[in-house]
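These figures come from a predicted structure and were not determined experimentally. Below, chains carry the letters A, B, ... as their sequence lines are ordered, and counting in each starts from 1.
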Amino acid sequence: MIVVSNREIAENIFEMTLQGKIVQEITAPGQFLHIKPSSQPMPLLRRPISICNSNKQNNELTIIYRTEGEGTTLLSQRKENDSVDVLGPLGNGFSLEETKQEETALIVGGGVGVPPLYSLALALVERGVKVTTVLGFADAASVFYENRFKEAGDVYVSTIDGSAGNKGLVTDVIDRESLQFNRLYACGPTPMLKALEENYPNVQGSLSLEERMGCGIGACFACVCHTQNDPDGTEYRKVCSDGPVFPWREVVL
Amino acid sequence: MIVVSNREIAENIFEMTLQGKIVQEITAPGQFLHIKPSSQPMPLLRRPISICNSNKQNNELTIIYRTEGEGTTLLSQRKENDSVDVLGPLGNGFSLEETKQEETALIVGGGVGVPPLYSLALALVERGVKVTTVLGFADAASVFYENRFKEAGDVYVSTIDGSAGNKGLVTDVIDRESLQFNRLYACGPTPMLKALEENYPNVQGSLSLEERMGCGIGACFACVCHTQNDPDGTEYRKVCSDGPVFPWREVVL
Amino acid sequence: MTRLQTNLPGLSMKNPIMPASGCFGFGEEFAKLYDLNQLGAIALKATTNHPRFGNATPRVAETPAGMLNAIGLQNPGLEKVISEKLSWLETYDTPLLANIAGTTMEDYEEVAANLSETNQVGALELNISCPNVKEGGIAFGTDPELAAELTRRVKAVSTCPVYVKLSPNVTDITLLARAVERAGADGLSMINTLSGMKIEIHSGKPLLANESGGLSGPAIKPIAIRMIYEVRKQTELPIIGMGGISTLDDVIEFMIAGADAVAVGTANFTNPFICPELIDELEDWVKVKGLENIQELRQKGVNSF
Amino acid sequence: MTRLQTNLPGLSMKNPIMPASGCFGFGEEFAKLYDLNQLGAIALKATTNHPRFGNATPRVAETPAGMLNAIGLQNPGLEKVISEKLSWLETYDTPLLANIAGTTMEDYEEVAANLSETNQVGALELNISCPNVKEGGIAFGTDPELAAELTRRVKAVSTCPVYVKLSPNVTDITLLARAVERAGADGLSMINTLSGMKIEIHSGKPLLANESGGLSGPAIKPIAIRMIYEVRKQTELPIIGMGGISTLDDVIEFMIAGADAVAVGTANFTNPFICPELIDELEDWVKVKGLENIQELRQKGVNSF
Ligand SMILES: Cc1cc2nc3c(=O)[nH]c(=O)nc-3n(C[C@H](O)[C@H](O)[C@H](O)COP(=O)(O)OP(=O)(O)OC[C@H]3O[C@@H](n4cnc5c(N)ncnc54)[C@H](O)[C@@H]3O)c2cc1C
Ligand SMILES: Cc1cc2nc3c(=O)[nH]c(=O)nc-3n(C[C@H](O)[C@H](O)[C@H](O)COP(=O)(O)OP(=O)(O)OC[C@H]3O[C@@H](n4cnc5c(N)ncnc54)[C@H](O)[C@@H]3O)c2cc1C
Ligand SMILES: Cc1cc2nc3c(=O)[nH]c(=O)nc-3n(C[C@H](O)[C@H](O)[C@H](O)COP(=O)(O)O)c2cc1C
Ligand SMILES: Cc1cc2nc3c(=O)[nH]c(=O)nc-3n(C[C@H](O)[C@H](O)[C@H](O)COP(=O)(O)O)c2cc1C
Ligand code: FES
Ligand code: FES
């Protein structure tokens, strides 16, 4: 794909817009790309990055990523008109059908788990679903897309150090504000997902998982996780091809 | 150093001009740079490339290289204003003192052995030495710097396939034209250097050698060669730090 | 295509290029990307007698020019491999090399007997070298006596040729090669991964849940080439070469070193189309070089050109 | 500087970072670039009893994230090393680790006795693992019995501590480590290079004149880390860790894995200032992390943080 733009939108957080035909193949919010960070042979492996939003009219999509290590740092150095080797869209996204019109969806994102939820929020609103969003970040400097999510409904931001929005975790916000919802969609650090699952044991909806990947297409078994109702422990799901989105309580967090 | 320009001047032959303070440290024609081909960690090793010409006024120097493999191909992709990691100037260049005013120097270059001879030719002319140059290339498409050398004196070009200049090897040209000289300076493929040494067993002057290198500064012993008068075979010279320029018949070709 | 035709025991291959075991599953995922009939053969994911979940995650880590994996032989087990995977593969005419693993010799015998009985696999590949199985699998790969005994027993129960996949984690790989040759192996696969580890300095812990894993990718290519070159001097057994192949030059380098065919592993993750691309490039190259057939390369070895 | 102070047998080091043997000559070239007193120690180029020219060229080849070398232990021989190299080094107060090599046990004894007698070397490093010496040097590195006997004999004639440099080209490196520990080794250096080969496909011949060479650089780091981690579990002997170190993170990774000090080899070729740069970075890092001394890292090992 071709880089349309690539800019820092928060501390160490970059938003990159890419153009290419594969945009036409996106089927649901929550799918991801498997990206070769550099045009050189090294680093060897692709990096999985969620699709944040896409536009089929102009073949563009947006990703948001944090510069963690070598790969994402190289990605942040790519310039307009560079071509980027992208495999995708991969994986299964959020299913919208499960949420009915007029129901309320609570969207909860943590850090770089936020991006895939943006197109989800827009798609839900389009279906006539009411959307409330809770976004958790480390601190004020890492907050992004707060205003974008406001297009879809109420937004609550929390930061761990309290430097922006509410101080604390996303679960603190949900409790304090007594947010009500029919469906819960979440993506973020595993401890956050676990806390949500424990706090709302009967919740419906889905979550998106991260796992280190090899192939990204289901062939190498790098990214498997256990399922919850599996007495002998041999059942599994592949995050890359069965996920990254799973219903609550399907997989072990 | 900073790339001032980088352009293809013949088939797969690039001329790159670099700017940086190390230009001030150049002491003689024939020294070389040890260049990191990419700003990425790979490829690991530096590439030795001769200094073709330099200008202490504006801190610029020129190198000419052929895209052989990974490293030189990456180098050819560097753009204006890129910074290139350069170690140098390294090695010992041609000694000008050995050639007296009014003597005739024959300069013989083959392929990418030609570049270091250019600043040598200019320096010799400046000393009042008469310079005749014979340049050998594979074919017409790979010829470069023919006109530049004309600034220094007569120039004969030969190509193996006869598509430019005389057909044949540089030694054929020297024989056919019965070129006379007091000193012989050469750089190019080892078979060419060997042929010259055999044809002119009493020749004075020097030659410049190539050898695969590790450190480029004399520490790793990757680049050693045997010396000619060494009955027990333990004498050696390091191409990087004792050379790359040696008097004729000092080292085994 | 005939110039690339490569006939090895049990494997009549249109070309000498196949995906390596464990890097291609049972082909289903790649079948969505291209026609598997283009491949010379397919090395299947290791099969064990019972289903295995494998190791905890993280199971992969990136290293300089390589990667570590500690999948731990996850697979659906013999029964499902036959009923689901092999039956799905039936529609392809590409020969199959079934990689088999186990903890005891009896495990291997059971899997070998059952898989070869299906008549669907062209040959078996004994994985005696997976560094990710702790129970003893490793010993088969490092002790020439055990490797030979295992080979002999598996040969005895198999109706198709048996390749032994050698571990590079040994002092002298030629001892292993000769031992399994004497025990009746029909061919060798080499090399499997090198045992390695990465420590995540922020946590101070090994990055892989299994602590160590197998190193693959371009980083190990010089070791693979050296080992194949050494083994080739000592045996005429067919060798399927692998370890870091990702370009046409790599394929040629392996064949000159002594491989009769090659397998591509890790590179499938970077470029899922790598196998058909390499096959096309090799075909062009063989034509340009005027080789009658690709075997000339390996037969002439280091005197190729 | 005291936080980085590292005291190993015979080596009282200002910091745990030294250049690796063979990648730094005898220091003369690097002394033109920076003050060698900054270094924790200097591992000298291998010294043999007689001068050696080494192998034919090409002696080095680049590989993915690594390089092969087959220098073949070129060195001026014991006499000149003492009269020229050690006397030149006398002006520095950085401790010296003298790497010694040989073909027979007597060779080693001779070099060890003479070098330790000078009182100028802090410790000896027995190179029992150089894959580029054909005459038998390799056997010392792969056979625990021979390695132990050599260690015992060298210890007997040496007046300074003796480190044994282990080869990674073995099935189980812990066997070697334990054998030389029992034989009286004062420390271990690990790892030396892995035996590898590159074939130049245009000529169809091995690129190195010596055919095979030793693989070093980042490519081998996961193997080095795994081996140090394994050996550390079995012995409290000091370990000088090496194999692909080129960044501060690498240094930390080696120390967490179990190294007491580290040596930097190939990276000196890419960046001749790498050693002093890493020392500065390590000093800053130790301060930022609030470590009292760098030994905490290795002592806590994988429970560092
Ligand atoms: C399905 C999915 C979607 C993701 N979406 C996003 C996103 O939209 N924005 C974003 O910033 N990050 C996202 N991540 C995380 C992102 O993949 C990692 O941050 C990134 O791979 C780190 O690469 P690096 O080279 O910078 O770091 P390094 O630590 O140098 O990476 C080394 C290796 O580990 C892998 N790795 C490291 N961290 C992770 C991780 N958290 N998950 C998976 N692999 C990892 C890398 O892919 C690489 O192979 C997603 C991960 C998954 C699995
Ligand atoms: C003192 C000296 C001066 C040189 N000057 C020039 C010059 O002015 N112009 C020019 O085009 N070339 C010159 N060369 C040759 C140049 O160094 C090689 O063409 C270049 O290193 C090839 O690198 P690569 O990555 O493109 O090729 P690859 O084949 O991919 O290189 C792989 C490795 O082999 C080494 N290598 C390959 N060929 C050579 C060679 N001929 N000499 C030394 N190392 C080699 C590389 O440095 C690298 O480490 C010179 C060589 C030396 C020793
Ligand atoms: C993720 C992964 C899984 C693997 N699984 C197996 C396996 O099940 N059986 C086996 O014999 N080899 C297995 N291997 C080893 C490969 O088949 C191959 O021998 C090795 O990776 C070297 O080749 P490469 O560098 O091209 O990957 C696996 C390798 C990887 C990377
Ligand atoms: C060019 C070169 C020469 C070497 N010579 C020696 C030597 O003489 N003695 C020795 O014990 N190790 C020698 N080594 C091995 C290194 O000391 C070191 O163990 C190995 O290279 C791994 O470290 P690295 O990856 O940082 O280079 C040499 C390595 C290289 C690259
Ligand atoms: S990453 Fe390969 S199976 Fe999921
Ligand atoms: S390249 Fe290291 S000594 Fe010449």
If you round to the nearest 0.5 Å, how far is [atom2] of [Y] from [atom1] of [X]?
X	Y	atom1	atom2	answer
B:Cys220	D:Phe24	SG	CZ	13.0 Å
D:Phe269	B:Arg46	CZ	CZ	12.5 Å
D:Lys32	B:Ser241	NZ	OG	7.0 Å
D:Leu208	B:Arg212	CG	CZ	8.5 Å

D:Lys80 atom NZ, neighbour heavy-atom count above 12 within 6.0 Å: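 Incorrect, the count does not exceed 12.
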
Residue B:Glu68 excluded, over 12 heavy atoms near CD under 6.0 Å: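 Correct, the count exceeds 12.
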
Can you tell whether the side chains of B:Arg47 and D:Glu62 come within less than 4.0 Å, N to carboxylate O?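 D:Glu62 and B:Arg47: salt-bridged.
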
Write down the atom of B:Gly214, the atom of D:Val60, and the distance for their closest heavy-atom approach.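 Distance-wise, the nearest heavy atoms are N-CG2, 4.2 Å.
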
Name the region of D:Pro272, side chain, backbone, both or neither, that has any atom closer than 4.5 Å to a heavy atom of chain B.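 Contact with chain B is through the side chain of D:Pro272 alone.
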
Proximity breakdown for D:Ser246 and chain B, heavy-atom pairs closer than 4.5 Å: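 Answer is neither: D:Ser246 stays 4.5 Å or more from chain B.
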
Indicate yes or no for a side-chain donor-acceptor contact from D:Arg59 to the backbone of B:Cys223 under 3.5 Å, with no hydrogens or angles considered.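 Looks like no, no N/O pair under 3.5 Å.
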
Tell me whether D:Thr270 contacts the main-chain N or O of B:Leu44 through its side chain, where contact means a donor paired with an acceptor under 3.5 Å.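 Such a contact is found between D:Thr270 side chain and B:Leu44 backbone.
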
Of the listed residues (B:Ile217, B:Asp232, B:Leu87), which shares the most heavy-atom pairs with chain D below a 4.5 Å separation?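 Most heavy-atom pairs under 4.5 Å with chain D: B:Ile217.
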
Please identify, among B:Glu235, B:His226, B:His34, the residue contributing the most non-hydrogen atom pairs under 4.5 Å to chain D.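 Result: the option with the highest number of such pairs is B:His226.
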
So which of D:Leu33, D:Thr266, D:Leu207 has the largest heavy-atom pair count under 4.5 angstrom toward chain B?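 The answer is D:Leu207.
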
So which of D:Met67, D:Glu29, D:Glu28, D:His50 has the biggest tally of heavy-atom pairs under 4.5 Å with chain B?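 Of the options given, most contacts go to D:Glu29.
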
What I'd like to find out is whether the side chain of D:Lys45 reaches to under 4.5 Å of the side chain of B:Phe221, using heavy atoms alone.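 In contact.
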
